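One structure is given here, and the rest of the page talks about it.
No experiment lies behind these values; they were computed from the predicted model shown.
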Amino acid sequence: MFTVDYEGERYSVNCIVNRRRPRVRRFVIDTGAKFTCCSYDYIDPELKEEDFADTESKLLGGFVADVGMKFYKCELTQFTIGTVDCGAQSIWITFDPRIADCLRGMDILHSTCFLNNPDEMCLEIYSDMRDLAEELSKRI
C-alpha cells in the first residue's frame with residue numbers, strides 16, 4: 001500500500017519512470033483522465049520528436065482551453081507509483097511546451113486498486129485486491 005496525501009486541492013505523487021534510466025517524477029492523479037500524459041523531458045530530456053515519427057500518436061484536448069495537443073505513445077520499462085510497482089507501461093508524451101501538468105490517468109490506475117479515504121484526506125493505492133483486503137481486514 002502507498003498513501004497519497006491531498007495537497008493543494010489534488011492528489012499528486014512521486015513516481016519512478018524508466019525508459020532508458022530511472023527518474024523520479026511527480027504526477028497528478030486524475031481519475032477523470034483516460035491517459036497518463038506528460039512532457040517528453042519529464043521522461044528523458046534527450047528525446048526528440050523525430051524519434052517518434054513512426055509511433056502511435058493522438059490529438060488530446062483539455063490541456064489548453066479547447067486546443068488539442070499531439071501526444072506520442074512512449075514505452076516505459078517501469079512505472080512505479082510511490083512503492084507500488086506497475087511494471088512496464090505505455091504513457092503519452094508531448095513536445096508541446098504549453099503542457100503544465102503531468103497526469104497519471106486511468107490507463108495505469110486500472111492496474112491497481114485504490115481507495116479514497118475521506119477521513120484521512122488521502123488516496124490509498126494497493127498493488128491488487130488481496131493487498132487491499134488485507135489492509136481493510138486490519139481496520140475492522
Side-chain angles (χ1 to χ4, degrees):
M1 174 188 73
F2 184 76
T3 303
V4 181
D5 293 325
Y6 190 71
E7 302 169 356
E9 299 188 22
R10 60 190 187 176
Y11 293 114
S12 62
V13 62
N14 282 335
C15 297
I16 299 171
V17 294
N18 190 356
R19 184 168 185 269
R20 289 188 265 208
R21 68 173 242 224
R23 294 170 173 17
V24 176
R25 299 293 189 238
R26 195 143 192 92
F27 281 79
V28 173
I29 297 174
D30 187 345
T31 59
K34 187 174 181 180
F35 303 108
T36 298
C37 303
C38 67
S39 177
Y40 76 94
D41 56 354
Y42 225 55
I43 302 304
D44 184 346
E46 296 175 10
L47 291 176
K48 304 221 179 330
E49 193 164 9
E50 307 84 63
D51 299 337
F52 292 87
D54 297 329
T55 304
E56 184 180 352
S57 65
K58 291 183 181 293
L59 191 62
L60 301 175
F63 289 93
V64 179
D66 299 327
V67 177
M69 286 187 189
K70 189 170 187 178
F71 284 84
Y72 299 92
K73 192 173 198 175
C74 180
E75 303 295 334
L76 301 177
T77 58
Q78 174 189 11
F79 195 102
T80 301
I81 306 159
T83 58
V84 178
D85 185 6
C86 299
Q89 296 287 329
S90 298
I91 66 168
W92 296 88
I93 63 169
T94 186
F95 293 85
D96 192 317
R98 297 174 296 162
I99 191 167
D101 285 330
C102 295
L103 304 178
R104 193 177 58 107
M106 288 305 295
D107 54 344
I108 294 179
L109 268 177
H110 81 272
S111 67
T112 66
C113 292
F114 58 95
L115 174 68
N116 181 48
N117 185 337
D119 296 333
E120 299 293 325
M121 293 286 292
C122 67
L123 186 70
E124 299 169 356
I125 300 174
Y126 300 88
S127 56
D128 55 29
M129 277 303 289
R130 180 176 296 196
D131 190 22
L132 172 59
E134 286 175 19
E135 181 62 29
L136 291 178
S137 69
K138 294 177 194 175
R139 297 180 191 182
I140 297 176

Report the distance from atom [atom1] of [X] to atom [atom2] of [Y], rounding to the nearest 0.5 Å.
{"X": "Met106", "Y": "Ile29", "atom1": "CE", "atom2": "CD1", "result": "11.0 Å"}
{"X": "Glu134", "Y": "Asp128", "atom1": "CD", "atom2": "CG", "result": "8.0 Å"}
{"X": "Phe52", "Y": "Cys74", "atom1": "CZ", "atom2": "SG", "result": "4.5 Å"}
{"X": "Asn14", "Y": "Ile81", "atom1": "CG", "atom2": "CD1", "result": "12.0 Å"}
{"X": "Ile108", "Y": "Leu103", "atom1": "CD1", "atom2": "CG", "result": "11.5 Å"}
{"X": "Asp85", "Y": "Cys15", "atom1": "CG", "atom2": "SG", "result": "11.0 Å"}

When you compare the side chain of [Y] with that of [X], does any pair of heavy atoms fall below 4.5 Å?
{"X": "Gln89", "Y": "Thr36", "value": "no"}
{"X": "Leu115", "Y": "Leu136", "value": "yes"}
{"X": "Thr94", "Y": "Cys37", "value": "no"}
{"X": "Asn117", "Y": "Thr3", "value": "no"}
{"X": "Met121", "Y": "Asp5", "value": "no"}

Under a 3.5 Å distance rule, please check whether Thr77 uses its side chain to pair with a backbone N or O of Asn18 as donor and acceptor. yes

Restricting to pairs with a member in residues 104-133, which pass ring pair (Phe, Tyr, Trp, His ring centres under 6.0 Å), not counting sequence neighbours? none

How close do [X] and [Y] get, heavy atom to heavy atom, and via which atoms?
{"X": "Leu59", "Y": "Gly68", "value": "CD1-C, 3.7 Å"}
{"X": "Val4", "Y": "Ser12", "value": "CG1-O, 3.3 Å"}
{"X": "Cys122", "Y": "Asn116", "value": "O-OD1, 3.6 Å"}
{"X": "Phe79", "Y": "Arg104", "value": "CE2-CD, 3.5 Å"}
{"X": "Cys102", "Y": "Ser39", "value": "SG-N, 4.2 Å"}
{"X": "Cys38", "Y": "Ile91", "value": "SG-CD1, 4.0 Å"}

Tell me every residue that passes side-chain contact (heavy atoms from CB on, under 4.5 Å) with [X], counting only those two or more places apart in sequence or in another chain.
{"X": "Arg25", "answer": "Val17, Arg23, Phe27, Tyr42"}
{"X": "Lys138", "answer": "Glu135"}
{"X": "Thr83", "answer": "Phe2"}
{"X": "Lys58", "answer": "Phe35, Glu56, Leu60, Trp92"}

After noting the C-alpha distance and the side-chain angles of Asp131 and Cys113, does the key distance pass the side chain to side chain contact (heavy atoms under 4.5 Å, CB included) rule? CA-CA 9 Å; Asp131 190 22; Cys113 292; over 6 Å; no

Over 60° means perpendicular and under 30° means parallel, so classify the ring planes of Tyr11 and Tyr6, tilted if in between. perpendicular

What do the steps show when you test Tyr72 against Asp51 for side-chain hydrogen bond (donor to acceptor under 3.5 Å, both in side chains), and what is the final call? CA-CA 10 Å; Tyr72 299 92; Asp51 299 337; over 6 Å; no

With a 4.0 Å cut-off on N to O distance, would you call Arg98 and Asp96 a salt bridge? yes

Do the charged groups of Arg139 and Glu120 touch, with an N to O distance under 4.0 Å? no

Verify the cluster assignment for [X] and [Y]: are they in a single hydrophobic cluster under the rule of side-chain heavy atoms below 4.5 Å apart?
{"X": "Leu123", "Y": "Val13", "result": "yes"}
{"X": "Leu76", "Y": "Leu109", "result": "yes"}
{"X": "Phe95", "Y": "Ile43", "result": "yes"}
{"X": "Met1", "Y": "Ile125", "result": "no"}

Mind jotting down which residue pairs meet the salt bridge (Lys or Arg N to Asp or Glu O under 4.0 Å) criterion with at least one end in residues 7-21? Sequence neighbours excluded, please. Glu7-Arg26, Arg10-Asp101, Arg20-Asp44

Could you verify whether a donor N or O on one side chain and an acceptor N or O on the other, from Ser90 and Glu75, lie under 3.5 Å apart? yes

